[in-house]
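These notes concern the structure reproduced below.
In this text, all values refer to a predicted model and were calculated from it rather than measured experimentally.
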Amino acid sequence: MVDVALYNVIVMGLAFMCMFGAFQTSTFIEGTVLHSNHTPNLDTANGDGIAFTSVAIIYFVLAFANAIAPAAVGFLGARRGMFFGAIPYCLFIACILYPYLFTLYTCSALLGIGAAVLWTAQGEYLTNNSTDQTMSRNTGIFWALLQSSLVLGNITVYFILGNNENIDNELRYLVYGVLTGACTLGWLLLLLLRKPPALKYSLSLSTQATKKAIPGPIEATMSALRLLKTREMVLLSICFTYTGLELTFFSGVYGTMIGNMDHLEGYTHGVFKKNMVALGGVIVGAGEILGGLTFGVLGSRTIKYGRDPVVIFGMLVHLATFYVCYLNFLPSSPYQTVSPDELLADNNRLFNPSVAVAQVCAFTLGLGDSMFNTQIYGIIAALYSEDSAPAFAVFKFFQSLFSGIAFIYSSHVQLQWQLAILAVMAIFGTWSFVTVEWSLKKKREGYQPIQ
């Protein structure tokens, strides 16, 4: 007999892998493409700035579109919400085939709206296909498949760019034609999703003994606003904020740091800059996949001992990584090319910058991120199994809002201060998560079912 719930999780993971492999590759090389002399419809001298603005639009529209995302998912349902929410991803990638400033920014805004609906629907659909015993497994499987897009996308960049600093028209048509096709394939895979089986998310809490009716769109939006007033969601919002800050660091800032160190003698050993950055993306993805698979396989142990040890370990991994990044990179590396003179002026270093150390840190950044995110999915589903769409909308609101904020300040603030912000928020985010998890444990232990 086919496990319909597991089938749905795997198909959804494959669909997201195709879509986000294409999308992340697209945004990775967007600045190079728009900076090329072969894009006459744009100010090519400001190609990097246009790409920066495009991504910023996506983040901020995504943040505030979460206000309407629960209503959209309440009206469309989870499966159709994902289907319609994925369309702007295809449009965004396709518009770079013939880039115009107006269409690029318009598609960026549409993508922000679509992403809010897509991720809210995804959270609800994952919850609907899970039980208390399978939520960790399903989250781990989905997360591993999703983060495979980092590996696939960056391997694509590695071979596409080679030693090409510019992308001409023919290469742009080829690359973005393939990426549009891959994203469309992922979109069409969503049509294969089946109706979730009749599962009851058994949390052993008396308050969830009776299944509620599915809320309408207006009620879903109001539920999201009410959740922001609850103690649990206020505490979890601190952890959500941290995931947004570290998302920007490992997905945007860190690759720039690796590339900006490539003029230092002995750092690259002749490896081309863009290839180093792409390899870093592959290694981040490997860490994400290992974390997702580990906590999928060990899902039953996670439920037995709680989610808090995983998050605490993730915090320790990230704190150690931040310290090594502080030792390995120079202060200006997030926003400008580091000169040999700057390295010579910093004569108190324990060791000289190393690309090997940078790639190890890339792995641990991905590993720690997977620990936080898989457990966040689990605790949201545990607390709000009957009201999951508004809860996931709140999660994505804080994550995307602070991703956008970090994306802005990261190009102006020195590395040590960025790492200090991340370290402080990692500690407070972990504390907030553990507080909610312990509260949930007490409720479980205090509830005794009627014999």
Side-chain angles (χ1 to χ4, degrees), residues 150 154 242-288 290-291 311-372 402-403 406-407 409-431:
L150 280 172
N154 282 285
Y242 172 67
T243 64
L245 296 176
E246 57 100 5
L247 170 63
T248 293
F249 184 75
F250 81 76
S251 66
V253 178
Y254 196 70
T256 302
M257 288 164 52
I258 293 176
N260 282 341
M261 303 286 282
D262 73 332
H263 285 79
L264 301 183
E265 184 179 356
Y267 174 72
T268 65
H269 303 288
V271 181
F272 186 63
K273 170 182 176 178
K274 294 262 187 329
N275 284 350
M276 282 196 307
V277 176
L279 181 61
V282 171
I283 295 175
V284 169
E288 296 274 11
L290 177 63
V311 172
I312 292 172
F313 184 55
M315 176 197 69
L316 295 176
V317 168
H318 269 181
L319 290 178
T321 302
F322 298 152
Y323 179 65
V324 175
C325 286
Y326 170 73
L327 297 176
N328 192 52
F329 293 94
L330 274 73
S332 63
S333 58
Y335 51 81
Q336 69 181 29
T337 300
V338 176
S339 67
D341 292 338
E342 186 177 350
L343 178 60
L344 289 174
D346 189 1
N347 53 16
N348 295 321
R349 303 187 63 82
L350 293 179
F351 56 86
N352 285 331
S354 165
V355 69
V357 172
Q359 303 298 13
V360 171
C361 289
F363 179 82
T364 53
L365 283 172
L367 181 64
D369 179 69
S370 70
M371 294 179 190
F372 275 94
F402 283 91
S403 290
F407 192 72
Y409 75 64
S410 63
S411 60
H412 304 283
V413 178
Q414 288 190 327
L415 175 62
Q416 66 269 27
W417 301 116
Q418 294 191 41
L419 294 174
I421 292 171
L422 287 167
V424 170
M425 288 306 301
I427 293 170
F428 279 102
T430 302
W431 165 79

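No donor-acceptor pair under 3.5 Å is formed between the side chain of Tyr326 and the backbone N or O of Ala420. With hydrogens and angles disregarded, no donor-acceptor distance shorter than 3.5 Å links the side chain of Asp369 to the backbone of Leu247.
Of all non-hydrogen atoms in Val324 and Cys361, the two that sit nearest each other are CG1-SG, 3.5 Å. Annotation for Gly287 and Ser370: closest pair O-OG, 4.0 Å, computed over non-hydrogen atoms. Here the closest heavy-atom approach between residue Ser410 and residue Val253 is recorded as CB-CG2, 3.4 Å. Across all their heavy atoms, Tyr242 and Leu422 have their closest contact at CE1-O, 3.4 Å. For the residue pair Ile258 and Gly280, the shortest heavy atom distance occurs at CD1-CA, 4.5 Å.
Within 6.0 Å of CZ in Phe313 there are 12 or fewer heavy atoms belonging to other residues, nucleotides or ligands.
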Could you walk me through whether Gln418 and Leu245 pass the side chain to side chain contact (heavy atoms under 4.5 Å, CB included) check?
-> CA-CA 9 Å; Gln418 294 191 41; Leu245 296 176; over 6 Å; no
Given Phe363 and Leu290, is the side chain to side chain contact (heavy atoms under 4.5 Å, CB included) satisfied, shown in steps?
-> CA-CA 10 Å; Phe363 179 82; Leu290 177 63; 3.5 Å; yes
For Cys325 and Leu419, run side chain to side chain contact (heavy atoms under 4.5 Å, CB included): C-alpha distance rounded to whole Å, both residues' side-chain angles, the deciding distance at 0.1 Å, then the answer.
-> CA-CA 8 Å; Cys325 286; Leu419 294 174; 4.2 Å; yes
Take Ile427 and Met315 through the test side chain to side chain contact (heavy atoms under 4.5 Å, CB included) and record every step on the way to the result.
-> CA-CA 7 Å; Ile427 293 170; Met315 176 197 69; 4.3 Å; yes
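In this structure, Met371 CE and Thr430 OG1 are separated by 11.5 Å, a value rounded to the nearest 0.5 Å. Once rounded to the nearest 0.5 Å, the distance linking CG of Leu367 with NE2 of His318 reads 7.5 Å. The CZ atom of Phe329 sits 4.0 Å away from the OH atom of Tyr254 when rounded to the nearest 0.5 Å. Distance check: Thr364 OG1 to Ile283 CD1 gives 10.5 Å after rounding to the nearest 0.5 Å.
Between Asn328 and Ser354 there is a side-chain heavy-atom pair separated by less than 4.5 Å.
Ring planes of Phe249 and Phe322: perpendicular class, angle over 60° (limits at 30 and 60°).
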